[in-house]
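Here the structure comes first, spelled out in structure tokens, and everything after it is commentary.
This is a predicted model, so every value here is computed, not measured.
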Amino acid sequence: MYWCAVEIDGIFDPDVTEEAFNITVKSDPDLSVMESRVSGEEGGNVTVQCNYSTEHQNTQKQWCRFKDKRCNNVERTATSQKSTVHLNDDGRGSFSVQMSGLKKSDAGWYWCGAGDLQVPVYISVYGDAPDSSDSKECIKPEMFCIAHR
């Protein structure tokens, strides 16, 4: 048996406690990810592999962002900030999340979810994708060009 407490600022504010809960240690977790940190190039894509136990075979699978609590489910593909998120469940213990058309704003903490379980994943986005507003002005093609943004 264990207990957990969170200290709250100020001596007159009571601490938040949770008492008498059990911790079970298993050899294989009910939910896990292949990589907890994934990075991709701006404009490119990343794939996250989430693995779940047979107990969660028929539970809802989700990919959620911590920042705004927005979730994508296996049943649908969603577009967020011009990035596409697609979830695919193989039905045999694994589902994949593919984010394509990455933007710098897509970087941050997410989680894989199966039923009431969640596992965190950090997505990094690096590099500069060509901007549609970029243009080039060439003085003489054989000499040089000046890029404008």
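The only member of Trp111, Tyr122, Tyr110 that meets side chain to side chain contact (heavy atoms under 4.5 Å, CB included) when paired with Phe66 is Trp111.
The two atoms that bring Ser36 and Pro120 nearest to each other are CB-O, 4.2 Å, heavy atoms only. Looking at every heavy atom in both residues, Val125 comes nearest to Lys103 through CG2-O, 3.5 Å.
Looking at Thr59, its side chain does come within 3.5 Å of a backbone N or O of Gly115 through a donor-acceptor pair.
With values rounded to the nearest 0.5 angstrom, Thr84 atom OG1 is found 9.0 Å from Gln98 atom CD. Rounded to the nearest 0.5 angstrom, Asn72 CG and Lys61 NZ are separated by 15.0 Å. Of the inter-residue distances, the one linking Cys112 atom SG with Gln118 atom CD reads 10.5 Å to the nearest 0.5 angstrom. Taking OG of Ser94 as the reference point, atom CE of Met34 lies at 8.0 Å (rounded to 0.5 Å). Separating the CD atom in Gln62 from the CG atom in Leu117 is a distance of 11.5 Å, to the nearest 0.5 Å. Interatomic distance, Trp109 CH2 to Lys67 NZ, rounded to the nearest 0.5 Å: 15.0 Å.
Below 30°, between 30° and 60°, or above 60°: for Phe95 and Tyr52 the angle between ring planes is between 30° and 60°, a tilted geometry.
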Subject >> side-chain contact (heavy atoms from CB on, under 4.5 Å) between Asp90 and Asn88, worked out >> reply: CA-CA 6 Å; Asp90 69 5; Asn88 183 34; 5.9 Å; no
Subject >> Step-by-step side-chain contact (heavy atoms from CB on, under 4.5 Å) determination, Asn51 to Val33 >> reply: CA-CA 6 Å; Asn51 301 312; Val33 291; over 6 Å; no
Original post:
Passes side-chain contact (heavy atoms from CB on, under 4.5 Å), Arg65 versus Asp106? Steps please.
Top reply: CA-CA 9 Å; Arg65 185 174 183 155; Asp106 291 322; 4.3 Å; yes
**OP:** Could you walk me through whether His56 and Asp116 pass the side-chain contact (heavy atoms from CB on, under 4.5 Å) test, one step at a time?
**Re:** CA-CA 9 Å; His56 293 280; Asp116 59 351; 4.3 Å; yes
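A donor-acceptor contact under 3.5 angstrom links the side chains of Asn73 and Gln60, judged on distance only. Residues Ser53 and Asp30 bring a donor and an acceptor atom of their side chains to less than 3.5 Å of each other.
A 4.5 Å side-chain heavy-atom check between Thr47 and Glu35 finds every atom pair outside the cut-off.
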